[in-house]
Amino acid sequence: MSEAPAPTNFIIEAVEEDLKNGRFNTVTTRFPPEPNGYLHIGHAKAISIDFGIAQKFGGKTNLRYDDTNPVKEDIEFVDAIKEDIHWLGFDWGDREYYASDYFDQLYQWAVQLIQQGDAYIDDLSPEEIRSYRGTLTEPGKNSPFRDRSIEENLDLFHRMSSGEFPDGTRVLRAKIDMSSGNINMRDPVMYRILHATHHRTGDKWCIYPMYDFAHGQSDSLEGVTYSLCDLAYEAHRPLYDWFIEKLGIFHPRQIEFSRLNMTYTILSKRFLKTLVEKGYVNGWDDPRMPTITGMRRRGYTPEAVLNFIEKAGVAKNESIADISLLEFCVRDHLNKIAPRVMGVINPLKLVIDNYPDDLCEELEAVNNPEDETAGSRKIPFSKNLFIEKDDFMEEPTRKYFRLSPGQEVRLRYGYYVKCTGFVKDQNGEILEVHCTYDPLTRGGFSPDGRKVKGTIHWVSEAKALDAEVRIYDRLFNRPDPDNFEEGKTFLDNLNADSLKIIQKCKVEPSLISTKPGDHFQFERLGYFCTDLDSSPDHLVFNQTVGLRDTWAKMNQ
RNA sequence: UGGGGAUUGGUCUAAUGGUAGGACAGCUGACUCUGGAUCAGCUGGUAGGGGUUCGAAUCCUCUAUCCCCAGCCA
């Protein structure tokens with residue numbers, strides 16, 4: 001295995017530069033989720049970068065919930081977020097913080113800015129504020145309340161915070177520049193009145209800081225050196241810096257990178273929420289969802305997800321990663337770790353006419369050819385077996401080298417069998433296939449050295465376990481699902497066949513003891529994992545991803 | 001027509017004035033008790049025009065295209 005080049009990117013280079021010239025001498029980052037939804041693979045990229053940069057430079061990463069909007073946030077998501085970060089393999093130690101921990105300090109800093117003449121209370125209505133703001137091409141104009149005295153501003157701010165005014169009647173604004181080309185600098189709102197109960201501070205506050213007035217200062221308070229975020233915040237950086245400078249506090253560096261996008265996938269929180277709430281999927285952890293919890297249930301491994309993120313790279317180009325790269329990473333990891341088992345998804349009965357009626361042999365099967373330490377197991381073999389429907393063709397096409405009349409194939413780890421006939425019902429449906437076996441080929445080798453081109457999987461009819469198998473396909477039927485025609489929505493791009501549930505699949509008996517989350521390769525089919533719904537009475541497997549299938553490709 | 005970003009094969013990403021390279025995808029072939037894996041090979045790229053230079057993806061300049069910003073969301 002060749003040594004991969006040490007991954008580098010523009011953020012790592014910036015950090016190295018800062019460390020070299022003394023701008024900082026330690027590295028601290030933070031992952032700042034808003035507790036208003038489940039984490040998805042886009043967050044996994046942010047997590048990987050935040051924790052990865054710190055690890056690389058021997059620094060630390062804080063987990064900080066950005067909980068400045070009680071109307072949208074909920075405690076429900078806090079624990080789920082922690083579980084997902086841990087699953088990815090990262091840990092923040094005891095540094096679990098909340099922006100709401102800093103509300104008192106933030107209030108003090110707001111007072112400071114008022115005293116410095118850098119902030120004022122505005123009585124304009126939300127609509128008026130919008131119209132005074134100007135447009136992208138026209139400058140805004142000053143609010144008539146912009147030049148109130150410091151005393152009046154202080155008094156009003158105090159009364160705002162003590163609940164004297166209803167929601168929406170006043171805000172605290174930074175006094176910057178209403179004619180700035182950067183709209184974020186046109187006297188941005190710092191505090192709004194929200195008579196809402198906060199999941200942590202309860203009813204203590206009825207004014208809450210805006211993101212811009214909370215995020216940078218929270219970073220500063222925590223000694224965060226690198227505030228890594230997505231490109232959307234690039235236009236906010238001047239404001240981030242402005243507050244820090246005016247307050248005269250520790251100055252972290254914000255660096256922006258492009259967010260992750262993926263083909264056939266939608267990552268907008270709003271859209272994901274619609275999928276869940278309108279029942280297009282079965283919850284946030286539906287294996288078709290790009291959520292971390294969904295991918296976990298699907299059987300993706302953290303190693304695979306992280307490797308995908310690393311391979312996709314970190315840059316400032318807006319890009320769309322090919323979902324096949326993710327699938328490659330999943331197969332690549334599962335190939336190394338997943339025990340092989342035999343399972344038949346669409347069973348077809350195979351009768352070995354010359355095999356003793358009541359004999360049941362135990363044949364040895366390798367657990368993982370990629371991993372010698374995985375050992376082997378015994379699987380029962382008998383006269384009546386199940387094979388895959390696809391593995392028999394009455395009239396074989398060119399280059400089909402599975403079972404067909406007169407053809408000989410190997411039953412994996414079993415015997416060579418030669419097809420002698422088959423039985424059809426009135427509708428022409430094949431009910432069972434008959435064959436004879438060569439007793440000398442036990443284990444799958446022929447003493448005379450003759451070759452068979454095909455090897456197929458099978459399970460013993462008598463010993464097989466029934467299982468439910470859920471096969472997933474892409475949730476959307478086009479690579480750019482948020483591209484839809486007028487009058488339509490992303491929902492019109494949903495793939496109607498993204499879930500197939502198949503009952504009465506047949507799997508080898510060793511699977512009786514499987515537990516949810518176990519990974520397997522069903523030989524010749526794909527990687528599967530045991531679903532949360534699975535029990536010994538009713539086995540349920542999710543197809544994580546199919547094996548590469550060059551045969552299917554040839555037949556396209 | 002304001003401000004801020006970005007443009008390298010189908011996709012993602014390197015090359016930091018000196019041979020445009022890697023990964024995924026695709027295509028060949030070898031090997032194989034998984035039509036898997038593995039191995040070998042192939043196809044295909046610097047948005048466009050000028051300029052500087054012995055030499056430009058890289059520097060300058062003009063143009064084009066795309067993205068973000070007008071929440072009391074984050």
Side-chain angles (χ1 to χ4, degrees), chain A residues 4-5 7-9 13 32-34 36 66 68-69 71-73 122 124-126 129-131 133-140 167-173 179-186 188-194 207-208 210-212 214-215 229-238 256 258 263 269 308 311-329 331-332 335-336 340 342 365-366 369-370 399-402 410-414 416 443-445 451-457 479 521-526 546-554:
Chain A
T8 189
N9 58 56
E13 287 170 7
E34 183 186 18
N36 72 343
D66 235 328
T68 57
N69 187 351
V71 178
K72 290 194 170 177
E73 294 146 10
D122 197 345
L124 254 28
S125 70
I129 286 185
R130 196 189 321 128
S131 78
R133 186 148 35 219
T135 69
L136 293 178
T137 52
E138 298 162 301
D167 290 4
T169 52
R170 271 173 246 262
V171 289
L172 179 68
R173 294 230 255 169
S179 66
S180 172
N182 182 347
I183 290 183
N184 300 119
M185 299 299 272
R186 317 238 264 230
V189 172
M190 295 163 57
Y191 265 96
R192 75 285 215 185
I193 302 171
L194 247 31
I207 59 169
Y208 292 91
M210 297 287 289
Y211 166 85
D212 285 306
H215 198 90
C229 58
D230 96 61
L231 253 27
Y233 295 96
E234 214 158 18
H236 292 249
R237 177 151 36 91
E256 312 85 10
S258 64
T263 55
K269 228 177 230 181
F308 161 69
K311 280 184 147 56
V314 179
K316 294 190 74 154
N317 299 340
E318 302 198 38
S319 56
I320 305 172
D322 196 325
I323 197 168
S324 65
L325 178 60
L326 208 210
E327 291 170 346
F328 165 82
C329 292
R331 289 190 188 102
D332 190 46
N335 178 46
K336 291 173 191 136
R340 310 284 118 141
M342 293 212 272
V366 172
E370 304 291 321
K399 286 199 172 174
Y400 182 85
F401 37 83
R402 281 112 96 151
R410 169 167 41 231
L411 295 174
R412 178 134 229 222
Y413 301 123
Y416 285 17
F445 306 92
K451 301 276 187 206
V452 289
K453 277 204 228 145
T455 297
I456 66 175
H457 60 279
Q521 184 198 101
F522 285 12
E523 294 229 21
R524 299 208 310 131
L525 296 177
L547 248 28
R548 255 184 86 221
D549 191 347
T550 50
W551 168 247
K553 210 169 281 174
M554 277 170 64

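Order of the sequence lines sets the chain letters (A, B, ...), proteins ahead of strands, with each chain counted from 1.
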Counterpart base for B/C59, defined by Watson-Crick or G-U wobble contacts under 3.5 Å: B/G51

Rounded C1' spacing from B/G45 to B/A25 in Å: 15 Å

Relative to the ring of A/Tyr233, is the ring of A/Tyr211 parallel (under 30°), tilted (30 to 60°) or perpendicular (over 60°)? tilted

For A/Thr8 and B/A14, is the shortest distance between a side-chain N/O and OP1 or OP2 below 4.0 Å? no

What heavy-atom pair brings A/Thr68 and A/Glu73 nearest, and what distance separates the two atoms? N-OE1, 3.5 Å

Please measure how far the P atom in B/U46 lies from the corresponding atom in B/U58, and state the result in whole Å. 13 Å

Write down the partner of B/C66 under the Watson-Crick or G-U wobble criteria, each distance required to be under 3.5 Å. B/G5

Rounded to whole Å, the CD-P distance (A/Glu138 to B/G2) equals 12 Å

Tell me what A/Arg410 touches on the nucleic acid: a base, only sugar-phosphate, or nothing, going by heavy atoms under 4.0 Å. base

Using O4'-C1'-N9-C4 for purines and O4'-C1'-N1-C2 for pyrimidines, with syn meaning within 90° of 0, is B/G10 syn or anti? anti

Which whole number of Å gives the distance between the P atom of B/C24 and that of B/C42? 15 Å

Applying a 4.0 Å non-hydrogen cut-off, can you work out what A/Gln521 is touching in the nucleic acid: base, sugar-phosphate, or nothing? base

Here the distance between atom P of B/C69 and atom NE2 of A/His236, to the nearest Å, is 8 Å

Closest non-hydrogen contact found for A/Arg331 with A/Leu547 is NE-C, 3.9 Å

Can you tell me the distance, in whole Å, between the CZ atom of A/Arg192 and the P atom of B/G71? 14 Å

For the P atoms, the ones on B/A57 and on B/C66, what distance do you get once it is rounded to whole angstrom? 26 Å

Whole-Å C1' distance, B/A74 and B/A6: 23 Å

Choosing from B/C24, B/A74, B/A15, which nucleotide comes nearest the side chain of A/Asp66? B/A74

Looking at B/G41, which nucleotide sits across from it as a Watson-Crick or G-U wobble partner, both distances under 3.5 angstrom, or is there none? B/C27

Can you tell which of A/Arg192, A/Met190, A/Arg173 makes a side-chain contact (heavy atoms from CB on, under 4.5 Å) with A/Met210? A/Arg192

Base, sugar-phosphate alone, or nothing: which one does A/Tyr208 contact when heavy atoms must sit under 4.0 Å apart? nothing

Could you state the atom-to-atom distance from CZ of A/Arg412 to P of B/G36 in whole Å? 12 Å

Any strand is fair game: report the nucleotide pairing with B/U19 by Watson-Crick or G-U wobble, both distances under 3.5 Å, or none. none

Salt bridge check, A/Asp332 against A/Lys336: does any charged N sit closer than 4.0 Å to a carboxylate O? yes

Separation of B/A70 C1' from A/Asp212 CG (nearest whole Å): 14 Å

Looking at B/U1, B/C73, B/A70, which one has an atom nearest to any side-chain atom of A/Thr135? B/A70

Checking all strands, does A/Tyr191 fall into the base, sugar-phosphate, or nothing category for heavy-atom contacts under 4.0 angstrom? nothing

Between A/Arg410 (side chain only) and A/Gly444 (backbone N and O only), is there a donor and an acceptor less than 3.5 Å apart? yes

Output yes when at least one side-chain N/O atom of A/Ser180 is less than 4.0 Å from OP1 or OP2 of B/G3, else no. no

If I pick the C1' atom on B/C60 and the same atom on B/U53, what distance separates them, to the nearest angstrom? 12 Å

Any N/O donor-acceptor pair, A/Arg331 side-chain to B/G36 base, under 3.5 Å: no

Taking only N and O in the side chain of A/Asn317, is any of them less than 4.0 Å away from OP1 or OP2 of B/U13? yes

Could you say whether A/Asn182 or A/Leu525 is positioned toward the 5' end of RNA chain B, judged by the nucleotide with the nearest heavy atom to each? A/Asn182

So does A/Arg237 pair up with A/Glu256, basic N to acidic O under 4.0 Å? yes

Between atom CG in A/Asp549 and atom P in B/G26, what is the gap in whole Å? 11 Å

Strictly by modelled atom types, are A/Ser324 and A/Asp322 linked by a side-chain donor-acceptor pair under 3.5 Å? yes

Tell me which nucleotide among B/G36, B/C67, B/A74 gets nearest to the side chain of A/Glu318. B/C67

Can you name the closest pair of heavy atoms from A/Tyr191 and A/Ile207 and give their distance? CD2-CD1, 3.7 Å

Does B/G26 have OP1 or OP2 under 4.0 Å away from a side-chain N or O of A/Lys553? yes

Can you name the closest pair of heavy atoms from A/Ala321 and A/Phe308 and give their distance? CB-CZ, 3.9 Å

Under 4.0 Å, counting only non-hydrogen atoms across every strand here, what does A/Met210 touch: a base, just sugar-phosphate, or nothing? sugar-phosphate

Send over the distance from A/Leu325 CG to B/G26 P, rounded to a whole Å. 12 Å

Heavy atoms only, 4.0 Å cut-off, all strands: where does A/Leu231 land among base, sugar-phosphate and nothing? nothing

At under 4.0 Å between heavy atoms, what does A/Phe522 touch on the DNA or RNA strands: base, sugar-phosphate, or nothing? nothing

So, OP1 or OP2 of B/A70: does either fall under 4.0 Å of a side-chain N or O from A/Arg186? no

Base, sugar-phosphate, or nothing for A/Glu370, non-hydrogen atoms under 4.0 angstrom? base

I'd like the P distance from B/G2 over to B/G50, given in whole Å. 27 Å

Students often get this wrong, so: under 4.0 angstrom with heavy atoms, is A/Thr68 touching a base, only sugar-phosphate, or nothing? sugar-phosphate

Rounded to whole Å, please give me the gap between CZ in A/Arg402 and C1' in B/G35. 7 Å

Of the candidate nucleotides B/G2, B/C72, B/G36, which contains the atom at the shortest distance from the side chain of A/Thr137? B/G2

Applying a 4.0 Å non-hydrogen cut-off, can you work out what A/Val189 is touching in the nucleic acid: base, sugar-phosphate, or nothing? sugar-phosphate

Reading RNA chain B from 5' onward, which residue's closest nucleotide shows up sooner: A/Asp322 or A/Met554? A/Asp322

Determine the contact category for A/Glu234: base if any of its heavy atoms lies under 4.0 Å from a base atom, sugar-phosphate if only primed atoms, P, OP1 or OP2 are that close, otherwise nothing. sugar-phosphate

Taking atom P in both B/C12 and B/G51, what distance in whole Å separates the two? 32 Å

Which part of the nucleic acid does A/Ile207 contact within heavy-atom distance under 4.0 Å: base, sugar-phosphate only, or nothing? nothing

Centroid distance under 5.5 Å and plane angle under 30°, A/Tyr211 vs B/A74: no

Between B/C73, B/A6, B/A15, which one does the side chain of A/Glu34 approach most closely? B/C73

By the 4.0 Å heavy-atom rule, please label A/Ile320 as base, sugar-phosphate, or nothing. sugar-phosphate

Phosphate OP1/OP2 of B/G4 contacted by A/Arg237 side-chain N/O (<4.0 Å): no

Contact class for A/His457 vs. all strands (heavy atom < 4.0 Å): base, sugar-phosphate, or nothing? nothing

